[in-house]
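Contents: one structure, followed by commentary.
Worth saying up front: this structure is predicted, and the values here are computed from it rather than measured. Nothing fancy with the numbering, it's 1 onward along the sequence. In listed order, ligands and their atoms are each counted from 1. These values consider heavy atoms only, across backbone and side chains, with no hydrogens, waters or symmetry-generated copies.
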Amino acid sequence: MSNTRIALVTGASRGLGRSMASHLARAGVGVIGTYNQNRAEADALVAQVGGHGVPAAALQLDVSDSGSFPQFASDVRSVLDGFGTDHFDYLVNNAGFGLHAPFTATTPEQFDGLFDVHVKAPFFLTQALLPLLADGGRILNVSSGLARFTYPGNAAYAAAKGAVEVLTRYQAAELGDRRIRVNVLVPGAIATDFGGGLVRDNKQVNEAVAGAIPLGRAGEPDDIGAAVPLILADGFAWANGTRIELSGGQNL
Ligand SMILES: NC(=O)c1ccc[n+]([C@@H]2O[C@H](COP(=O)([O-])OP(=O)(O)OC[C@H]3O[C@@H](n4cnc5c(N)ncnc54)[C@H](OP(=O)(O)O)[C@@H]3O)[C@@H](O)[C@H]2O)c1
């Protein structure tokens, strides 16, 4: 057990986080996956991950509630204890939601909700978990192609993702003394439940996205999930403070 690396993936019950957790387990990495509302999905993930012979656990976490992070860190410590270790190796700050609203109609509450989940959580959850993250470990934040290119109706969401890209550089600059690498994964449009399943379920949107990607289709969760074990692998360890876009070349 002591040589098995462990990843903590937030928002692992569905979509990209679930695919990341599955591919990490397939690569021999143990997984602590968090869910917010979908416990059944998280339990199914744990059963699937356990099938790969690596340690697996699910924990409830609402990343919009930064006051809960110290208790969550203590829950993680207990899980690690059960795994026979006192640290984990990879933190993936993935949990999030989308909100489509014109700039002129976005409310302060909507804005705060997005920034709490997409900026404040990667900031303070990472802070709370740092004592449990191994020296030489990795942090992978998750941004969006919408922070590079512009689709009207995403001003607050995209601004929050822009902020997490800046945060990534500062975390990398300040955690180097512990040899912790911090990078930001930038997916393009992917067909998940995200944003009410818009990219997956709305034919017009799906076709428009496919038309903006040279490979001719929208992304699928495994286009992102399969890459994560590679990004976190030792051979990728000189990447630090950098933006890794996986968008199939969307809106070049
Ligand atoms: N899909 C895309 O096109 C796309 C593109 C670029 C970037 N991204 C980013 O990729 C990440 C994952 O998106 P996705 O497409 O996988 O979305 P998704 O399919 O809707 O899944 C969202 C995941 O995040 C969790 N979550 C949502 N709100 C949460 C909260 N307040 N606290 C804790 N967990 C919460 C959900 O947990 P429960 O189900 O348990 O509630 C679920 O596991 C997000 O950061 C998103 O911004 C997505």
For [X], which part has a heavy atom under 4.0 Å from ligand 1: side chain, backbone, both, or neither?
| X | answer |
| --- | --- |
| F97 | neither |
| N38 | both |
| L146 | neither |
| R39 | neither |

Which atoms of ligand 1 sit under 4.0 Å from any heavy atom of [X]?
| X | result |
| --- | --- |
| G188 | 3 (O), 5 (C), 6 (C) |
| S143 | 6 (C), 7 (C) |
| D193 | 19 (O), 20 (O) |
| Y157 | 7 (C), 8 (N), 9 (C), 46 (C), 47 (O) |
| Y35 | 40 (O) |
| G15 | 16 (O), 19 (O) |
| V142 | 9 (C), 10 (O) |
| T192 | 1 (N), 14 (P), 15 (O), 17 (O), 19 (O) |

Do any nitrogen or oxygen atoms of [X] lie less than 3.5 angstrom from nitrogen or oxygen atoms of ligand 1?
| X | answer |
| --- | --- |
| K161 | yes |
| V117 | no |
| G11 | yes |
| I190 | yes |
| S144 | no |
| L16 | yes |
| R14 | yes |

Flag the pair [X] / [Y] as yes when at least one side-chain heavy-atom distance between them is below 4.5 Å, and no otherwise.
| X | Y | result |
| --- | --- | --- |
| I6 | P55 | yes |
| V182 | T126 | no |
| V29 | V54 | no |

Identity and distance of the protein heavy atom lying nearest [atom]:
| atom | value |
| --- | --- |
| atom 43 (O) of ligand 1 | S13 OG, 2.7 Å |
| atom 31 (N) of ligand 1 | D62 OD1, 3.0 Å |
| atom 29 (C) of ligand 1 | N36 ND2, 3.8 Å |
| atom 32 (N) of ligand 1 | V63 N, 2.8 Å |
| atom 13 (O) of ligand 1 | F194 CD1, 3.9 Å |
| atom 41 (O) of ligand 1 | Q37 N, 3.0 Å |
| atom 33 (C) of ligand 1 | L61 O, 3.0 Å |
| atom 6 (C) of ligand 1 | P187 O, 3.4 Å |

Roughly how far apart are [X] [atom1] and [Y] [atom2], rounded to 0.5 Å?
| X | Y | atom1 | atom2 | result |
| --- | --- | --- | --- | --- |
| L129 | F72 | CG | CZ | 6.0 Å |
| Y90 | L8 | OH | CG | 13.5 Å |
| N94 | M20 | CG | CE | 4.0 Å |

Looking at every non-hydrogen atom in both residues, tell me the closest pair between [X] and [Y] and how far apart they are.
| X | Y | result |
| --- | --- | --- |
| N251 | R148 | O-NH1, 3.1 Å |
| P221 | S19 | O-OG, 3.4 Å |
| T4 | D89 | O-OD2, 4.2 Å |
| N183 | T168 | C-CG2, 3.5 Å |

Checklist entry - Would you find more than 12 non-hydrogen atoms of other residues, nucleotides or ligands less than 6.0 Å from F123 atom CZ? => result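 It does not: F123 CZ has 12 such atoms or fewer within range.
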Item to check | Over 12 foreign heavy atoms within 6.0 Å of CZ, F149 | outcome: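 Counting other residues, nucleotides and ligands, CZ of F149 exceeds 12 neighbours.
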Next on the checklist: Nearest non-hydrogen contact with atom 28 (N) of ligand 1 belongs to which option: G96, A21, A191, P221?
Outcome noted: G96
Next on the checklist: For atom 11 (C) of ligand 1, tell me which residue out of N94, L198, V164, L185 has the closest non-hydrogen atom.
Outcome noted: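 Of the listed residues, N94 has the closest heavy atom.
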Checklist entry - Which residue pairs satisfy the ring-ring contact (aromatic ring centres under 6.0 Å, His included) criterion with at least one member in residues 221-247, sequence neighbours excluded? => result none
Item to check | D81 and R77: CA distance, side-chain angles, deciding distance, salt bridge (Lys or Arg N to Asp or Glu O under 4.0 Å) verdict | outcome: CA-CA 6 Å; D81 217 26; R77 194 183 295 273; over 6 Å; no
Next on the checklist: Filter on salt bridge (Lys or Arg N to Asp or Glu O under 4.0 Å), then keep only pairs touching residues 117-142, sequence neighbours left out; what's left?
Outcome noted: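 Residue pairs passing salt bridge (Lys or Arg N to Asp or Glu O under 4.0 Å), neighbours aside: D135-R178, R138-D234.
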Checklist entry - What orientation do H118 and F97 show, parallel under 30°, tilted 30 to 60°, or perpendicular over 60°? => result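 Tilted, since the angle between the ring planes falls between 30° and 60°.
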Checklist entry - Does a donor on one side chain and an acceptor on the other come within less than 3.5 Å for S64 and D116? => result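 No.
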Checklist entry - Judged by non-hydrogen atoms, does V199 sit under 4.0 Å from ligand 1? => result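 Judged by the 4.0 Å heavy-atom criterion, V199 does not count as contacting ligand 1.
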